[in-house]
Amino acid sequence: MRIAVIGGGPGGLYFAYLWKKRHPDAEIDLFEQNAAGATWGFGVVFSEQALEFLRADDPETVDAITPRMESWKNITLNLRGESVEIDGVGFSSIGRLALLTILQERVRSTGVTPRFDTVVQSAGELRGYDLIVAADGLNSMVRRGNEAAFGASVAHSSNKFAWYGTTKTFATLSQTFVATDRGNFNAHHYRYAKDMSTFLVECDAATWAAYGFADKTIEESQAICEQVFAATLDGHRLISNKSVWRNFPWIWNERWSHGNMVLIGDALHSAHFSIGSGTRLAIEDAIALTKALETESGIAAALARYESERKPIVKKLVTAARTSADWYEHFPAHMKRDLMDFAYSYITRSGRIDDARLRAMSPAFMARFEAAKGQS
């Protein structure tokens, strides 16, 4: 089978690696428009189990990635100069470029040579391939060229965000909420290497307008954010990598394939950065697609199986991500709460955690919360 993979992000790389590893005689071409060493953003974060979902089927890849990861067990919330830790909520992170480099090495080890700096303008350029795997991200050329066929929908959150890095490192995944005389900001920050952290700055539309960010250069916006979060950065600078203000895009497709084309990762669906699952979802899509293709004898049947088995799982997580994002859309209102009510609202925002689960998961936090509320 001849397969074209469009996109050299985690999903595309992992599918190419996995399929070629399991099917050495397969012909796979992977096309990536950017250079091998290019990436947008800084670190990516995984929930506590990180890549353990890969352990049973692919321990070698897990063992290659895990030593490069930073891990922690708590979340720290900072509000009005006060802090609270929520225990038992672990995460791991790795630099996006470090992750891509590892996956590129895995791909090459199977005999696939990614074609970097190669732009595919249309799926029509890929005639002769039995399967086209579109892993070409949020702005997917394949999806945009076949929106009606895929049942594609694209919407945007109203909040603005800019993705920075910094040499200031943090003990845990942290959220810092700051009120200024012109509006409210939130920073999601966590270390992804021994000497580097992601520092994603978010604000609501009213704050963005009040600061006139629409007319600011990247450098001017960065300087304002450094001033707003001066206490958090503790003398460190923000680092930009195309750090422009964006609205988070909500991508969804009712139909996951069209003819011999199939979507995976951000081309197919997006999950808000507040739940840290985008990269994992892309890799899991690659695994699910591989297994479906191996189970069914024909491509059409395999793509139908991929969608029917994977879609309910993804829909559940995307629903939780939307609920989480809704909380952030109103974070200035939540900031008016006292610290413990604020923290409780934050950790229960997805609707998946009730008091019983929170007591089991985060006993120290719940003891502090219930003591603050005068509960037994």
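- Comment: R255 does not engage E307 in a salt bridge, judged by the lack of any side-chain N to carboxylate O separation of less than 4.0 angstrom.
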Decide salt bridge (Lys or Arg N to Asp or Glu O under 4.0 Å) for D57 and K291; before the verdict, give the C-alpha distance in whole Å, the side-chain angles of both, and the deciding distance to 0.1 Å. CA-CA 11 Å; D57 294 331; K291 291 182 176 179; 3.4 Å; yes
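- Using a 4.0 Å cut-off between charged side-chain N and carboxylate O, R143 and E147 make no salt bridge.
- When each of Y211, F331, W208, F161 is checked for a ring pair (Phe, Tyr, Trp, His ring centres under 6.0 Å) with F185, only Y211 meets the rule.
- Because its NZ or CZ atom is not both nearer than 6.0 Å to the ring centre of F170 and within 45° of the ring axis, R191 does not count as a cation-pi partner of that residue.
- Looking at R368 and D87, no side-chain N of the basic residue comes within less than 4.0 Å of a carboxylate O on the acidic one, giving no salt bridge.
- Side chain to side chain, D136 and S140 meet the donor-acceptor criterion of an N or O pair below 3.5 Å.
- The line from CD1 of I28 to CH2 of W19 is 8.0 Å long, rounded to the nearest 0.5 Å.
- Residues E329 and W327 bring no donor and acceptor atom of their side chains to less than 3.5 Å of each other.
- A donor-acceptor pair shorter than 3.5 Å cannot be found between the side chains of D234 and H236.
- Side-chain contact of T172 with T76: a donor-acceptor pair under 3.5 Å is present, judged by distance alone.
- F273 is not connected to V154 by any chain of hydrophobic side-chain contacts under 4.5 Å among Ile, Leu, Val, Met, Phe, Trp and Tyr, and they are in different clusters.
- With 3.5 Å as the limit, one finds no donor-acceptor pair spanning the side chains of D338 and Y344.
- In this structure, a donor-acceptor pair under 3.5 Å is present between the side chains of T207 and D204.
- Checked by atom type, the side-chain pair S324/S274 shows a donor-acceptor distance below 3.5 Å.
- The neighbour count for R2 CZ, taken as heavy atoms of other residues, nucleotides or ligands under 6.0 Å away, is above 12.
- Between L13 and V107 the shortest heavy-atom distance is O-CG2, 3.2 Å.
- The CG atom of D354 lies 10.0 Å from the OG1 atom of T348; values are rounded to the nearest 0.5 Å.
- In summary, the side chains of T61 and Y14 do not present any donor paired with an acceptor at a separation below 3.5 Å, with no hydrogens or angles considered.
- Here the shortest heavy-atom pairing between L100 and G8 reads CD2-O, 3.8 Å.
- Both V112 and I132 are assigned to one and the same hydrophobic cluster, defined by single-linkage of ILVMFWY side chains at heavy-atom distances under 4.5 Å.
- Remark: K160 is not positioned above the aromatic ring of W245, lacking an NZ or CZ atom under 6.0 angstrom from the ring centre and at most 45 degrees off the axis.
- For the side-chain hydrogen bond (donor to acceptor under 3.5 Å, both in side chains) with Y17, the qualifying choice from T110, D58, T290 is D58, the only one to do so.
- Looking at residues two or more places apart in sequence or on another chain, you find no salt bridge (charged side-chain N to carboxylate O under 4.0 Å, His left out) involving R80.
- By the rule that hydrophobic residues join a cluster once side-chain heavy atoms approach within less than 4.5 Å of another member, I251 and M261 end up as members of separate clusters.
- For the pair K20 and E27, the salt-bridge criterion is not met [side-chain N within less than 4.0 Å of a carboxylate O].
- The ring-ring contact (aromatic ring centres under 6.0 Å, His included) contacts involving residues 279-318 comprise W256-Y306, where partners must be two or more places apart or lie in separate chains.
- Expressed to the nearest 0.5 Å, how far CG of L317 lies from CD of E284 amounts to 8.5 Å.
- A side-chain donor from one of H189 and T176 sits under 3.5 Å from a side-chain acceptor of the other.
- Annotation: Y190 is not in aromatic contact with F199 [ring centroid separation under 6.0 Å not met].
- The cluster map of Ile, Leu, Val, Met, Phe, Trp and Tyr, joined by side-chain heavy atoms under 4.5 Å apart, puts V314 and L289 in the same cluster.
- Residues meeting the ring-ring contact (aromatic ring centres under 6.0 Å, His included) test with H269, sequence neighbours left out: none.
- No donor-acceptor pair under 3.5 Å is formed between the side chain of D341 and the backbone N or O of R337.
- For Y192, there are no ring-ring contact (aromatic ring centres under 6.0 Å, His included) partners, not counting sequence neighbours.
- With 3.5 Å as the limit, one finds no donor-acceptor pair spanning the side chains of T118 and E32.
- With sequence neighbours excluded, the residues that form a salt bridge (charged side-chain N to carboxylate O under 4.0 Å, His left out) with E294 are R22.
- Aromatic ring orientation, Y328 versus Y346: perpendicular (interplanar angle above 60°, classes split at 30° and 60°).
- In the hydrophobic cluster analysis, where Ile, Leu, Val, Met, Phe, Trp and Tyr join through side-chain heavy atoms closer than 4.5 angstrom, F31 is grouped together with M1.
- The closest donor-acceptor contact from the side chain of N186 to the backbone of E202 lies at 3.5 Å or more, if one exists at all.
- A salt bridge links R55 and D63; the closest N-O separation between the charged side-chain nitrogens and carboxylate oxygens is under 4.0 Å.
- For residues 91-138, the set of pairs meeting the ring-ring contact (aromatic ring centres under 6.0 Å, His included) definition, not counting sequence neighbours, is empty.
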